[in-house]
Amino acid sequence: MTMKLQNTLTRSKDEFKPIDPDHVRLYACGPTVYNYAHIGNARMAVVFDQLVRVLRRMYPKVTYVSNITDVDDKIMAAAAETGEAIDAITTKYTDIYNSDMAALGVLPPDVQPRATAHIGDMITLIEKLIERDHAYEAEGHVLFNVPSYEAYGNLSGRSRDEQVAGARVDVAPYKKDAADFVLWKPSSDDQPGWDSPWGRGRPGWHIECSAMSEVHLGLPFDIHGGGADLKFPHHENEIAQSCCAHGHENDLSAFSKYWVHNGFVTVEGDKMSKSIGNITLVHDLIDYYDGEILRLTLLSAHYSQPLDWSEKAIEQAKSLLDRLYGIVNGLSDVQADDAADIPADVMDALSDDLNTPKALAAINALAKRAAAERTPALKGQLLACGALFGILQKDAAEWLGYGQSGDADSNAIDALLAERQQARADKNFARADEIRDELDAMGIVIEDSPEGPKWRKAG
RNA sequence: GGCGCGGUGGCAGAGUGGCUAUGCAGCGGAUUGCAAAUCCGUGUACACCGGUUCGACUCCGGUCCGUGCCUCCA
């Protein structure tokens, strides 16, 4: 079985051929930690987590690196605004990011490097770029000289003339070319900084990913991922830095062979923005919805497509998940076959550019069969699919809210239930329905079954 | 303006040159004292206009509409 991936570098869906079939290596740009992670950050994390989960089933070894950028002017701005120390901010939001992503079933990357732990690697890389005449020092800054790199712009597909024309920002006087971008910049005494051959300073935005991916994966590696908006300039600049530092000016794939970009998330039809005030934080969502619901919502559309985040979409994912849990719960007396594998149609869908909606359709069909045929093999397959998707990991009865004797409220509920049973036996259905309504008001749903009445929490 | 992406049934969302997913919601039925849950049944939808073809929602051209990026935003 082979994986196909939509490769931004070639603009086509390519068969994935690992550099080393025994060891697949991928990198995805992680967050800059100065605030809570929003649902767009989460999409990236979930998408690449899901890709890694699938790749792990196809290849013996996968190394997934996703960084934390903990040095950035936005962090400095946040520190100035809140009065908190920079390292307090980055530590705090790194921890929150990791726990929020864990709530979404995102497995920790194999390596989560922090930019500040790789300043030396960045300096080394910058020195190589200067040696090769791709970068120059000017007024304490070091800049990448874009005209020195013929292939610049080929990932995002824009010519250098267009870059220069897009003079939306003041061109600093020390730049040789308007398109040149910063590799290193000077820090004042009150700004975070590190000693370097060019004086005390800090790295520019793009160099950290070039340095960290190279150190932890080696060059070239297989897959580089991130949000679609990072194509330009971030990924374009990463390619420029990494290819030019090592003398691969004519080969864009000398850095990463495949480039995979996830689509943007809108919220109720609008782009997330501070001005609209609709930045949707994972941290808030997980107070209201189980992480599995949010994860399923994110995986319900193809990763490369735009996704509109809405209450309705979440509710739809919840309904689906409830039904799947209902099926698992109904199979509680069937011993799942632990050796059961993922069915071929599910793997086929996932290996076709990570087509999660199609895979979900196959899982639905599987669930239906499992419920009807009640075999250990089918239950095992269903649970295996759940595990692969990071869903159906909870206890089904608990998920559905079925009450156990001994629950906090169970005594009162049991008493009402007993009274209702008596009323039913007496054909006093008016009283029986009254009790149903009472329980309903308490958020309790009664389900009569051949084994007697059961109750569960609504929701 | 440049470079992209997209317009599919009430909604979400895959996909394919002919056999027309899947989910959510709705409707009808079974079941139930009534419900809930479940099961069965039910929807020929692919922006518009041309073209290619025996045949297009799927390929080509054009039109309209929406949307993302264009220097620090995942």
Side-chain angles (χ1 to χ4, degrees), chain A residues 8 11 28-32 37-48 69 72-74 146 153 156-159 161-163 165-171 178-182 204-206 225-234 236-237 261-266 269 271-274 279 296-297 300-302 304-308 310 312-324 326-327 329-330 345 349 352 355-365 367-368 371-372 400 423-425 427-430 432-433 436-437 440 445-449 453-456 458:
Chain A
T8 308
R11 294 161 195 234
C29 293
T32 301
H38 55 64
I39 196 66
N41 296 304
R43 187 178 197 195
M44 168 265 145
V46 167
V47 162
F48 289 99
T69 295
D72 186 281
D73 288 4
K74 289 196 294 290
V146 169
S156 55
R158 46 193 96 216
S159 71
D161 293 342
E162 290 163 14
Q163 320 293 330
R168 228 162 73 164
V169 169
D170 294 335
V171 177
D180 291 352
F181 59 89
V182 171
W205 176 33
H206 318 289
D229 57 316
L230 293 184
K231 279 181 213 172
F232 187 88
H234 185 55
E236 203 70 79
N237 291 355
H261 290 99
N262 63 276
F264 241 62
V265 179
T266 54
K271 184 183 172 175
M272 264 193 286
S273 77
K274 280 178 191 160
I279 307 274
L296 188 59
T297 307
S300 65
H302 186 85
S304 66
Q305 294 298 119
L307 175 72
D308 187 41
S310 66
K312 202 168 180 178
I314 304 170
E315 289 302 331
Q316 188 169 309
K318 182 183 181 307
S319 296
L320 171 57
L321 210 41
D322 284 348
R323 205 186 93 243
L324 292 176
I327 287 170
N329 190 52
D345 55 356
D352 184 10
N355 193 334
T356 50
K358 199 176 181 186
L360 249 10
I363 290 172
N364 267 304
K368 197 176 250 188
L400 297 165
R424 293 176 73 203
K427 305 273 186 208
N428 183 0
F429 295 122
D433 289 346
R436 178 191 292 289
D437 290 342
D440 187 62
V445 178
I446 303 170
E447 295 181 10
D448 290 322
S449 76
K454 293 188 288 190
W455 61 269
R456 63 182 174 83

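At a cut-off of 3.5 angstrom, the base of A35(B) holds at least one donor-acceptor pair with the side chain of R436(A). No hydrogens or angles were tested; on distance alone, nothing pairs the side chain of N237(A) with the base of C72(B) as donor and acceptor under 3.5 Å.
Picking from A36(B), G23(B), A14(B) the nucleotide with the shortest atom distance to the side chain of A301(A) gives A14(B). Of all nucleotides listed (G23(B), C69(B), C72(B)), C72(B) comes nearest to the side chain of W205(A). Listed nucleotides U22(B), C24(B), G33(B) differ in distance to D433(A); the shortest reach to its side chain belongs to G33(B). Distance from the side chain of F181(A) is smallest for U71(B) among the nucleotides A14(B), U71(B), A74(B). With distances taken from any side-chain atom of K271(A) to the nucleotides C69(B), A35(B), G23(B), the minimum falls on C69(B). Proximity note for N262(A) (side chain, C-beta onward) versus G23(B), A74(B), G33(B): the nearest is A74(B). Closest to the side chain of P233(A), from the set C73(B), C40(B), A12(B), is C73(B). Across U71(B), C11(B), A37(B), the shortest atom-to-atom separation from the side chain of E447(A) is found for A37(B). Considering only the side chain of R11(A), G4(B) comes nearest among G23(B), C73(B), G4(B). Taking the side chain of F232(A) as heavy atoms from C-beta on, and the options U22(B), A74(B), C70(B), the nearest nucleotide is C70(B).
Here G6(B) presents its C1' atom at 14 Å from CG of D308(A), a figure rounded to the nearest Å. Note: NZ (K231(A)) to C1' (G68(B)) measures 9 Å, nearest angstrom. Distance NZ (K454(A)) to C1' (A35(B)): 15 Å, rounded to an integer number of Å. Regarding D322(A), its CG atom lies at a distance of 10 Å from the P atom of A25(B), rounded to whole Å. Here A37(B) presents its P atom at 15 Å from CG of L324(A), a figure rounded to the nearest Å. Put simply, NZ on K312(A) is 9 Å from C1' on C24(B), counting in whole angstrom units. For L307(A) and C11(B), the CG to P distance is 17 Å, given to the nearest whole Å. The CZ atom of R323(A) sits 11 Å away from the C1' atom of U38(B) (whole-angstrom rounding).
Only the C1' atoms considered, C64(B) is 26 Å distant from U16(B), to the nearest whole Å. Comparing C69(B) with A56(B), their C1' atoms sit 33 Å apart, to the nearest whole Å. Separation of the C1' atoms belonging to C3(B) and G43(B) is 40 Å when rounded to the nearest angstrom. Nucleotides G10(B) and A47(B), compared at atom P, are 13 Å apart to the nearest Å. Between C27(B) and G50(B), the distance separating the two P atoms is 39 Å to the nearest Å. Rounded to whole Å, the C1' atom of G15(B) lies 14 Å from the corresponding atom of C19(B). U52(B) sits 14 Å from U58(B) when the C1' atoms are compared, rounded to a whole Å. Spacing between U38(B) and C46(B) at atom P, rounded to whole Å, works out to 31 Å.
N355(A) comes within contact range of the sugar-phosphate backbone alone, with a heavy-atom separation under 4.0 Å but no base atom that close. Across all strands shown, Q305(A) has heavy atoms under 4.0 Å from sugar-phosphate atoms exclusively, and none from any base. Residue H38(A) is in base contact, counting any heavy-atom pair closer than 4.0 Å across all strands shown. Among the atoms of the strands shown, none is found under 4.0 Å from any heavy atom of A228(A). Residue V182(A) is classed as having no contact, given no heavy-atom separation below 4.0 Å to the nucleic acid. Nucleic acid contact for G40(A): base, since at least one base atom lies under 4.0 Å from a heavy atom of the residue. The residue L230(A) sits close only to the backbone: its heavy atoms come under 4.0 Å of sugar-phosphate atoms, none of a base. In this structure, D229(A) reaches the bases: a heavy-atom distance under 4.0 Å links it to at least one base atom across the strands shown.
Taking 4.0 Å as the cut-off between side-chain N and carboxylate O, D345(A) and K358(A) do not count as a salt-bridged pair. For R436(A) and D440(A), the salt-bridge test fails: no basic side-chain N is under 4.0 Å from an acidic carboxylate O.
Scanning RNA chain B for stems, defined as runs of 3 or more consecutive Watson-Crick or G-U wobble pairs whose donor-acceptor distances all fall under 3.5 Å, gives the following ranges: B:1-7 with B:64-70, B:10-12 with B:22-24, B:26-30 with B:38-42, B:47-51 with B:59-63.
Between D322(A) atom CG and I327(A) atom CD1 the span is 11.5 Å, to the nearest 0.5 Å.
Nearest heavy atoms, V445(A) versus A458(A): CG2-CB, 3.7 Å.
In terms of modelled atom types and a separation under 3.5 Å, the side chain of H38(A) and the main chain of N41(A) share a donor-acceptor contact.
Nearest-nucleotide positions on RNA chain B for D448(A) and F264(A) put D448(A) closer to the 5' end. For the pair A430(A) and D73(A), both in contact range of RNA chain B, the more 5′-proximal nearest nucleotide belongs to A430(A).
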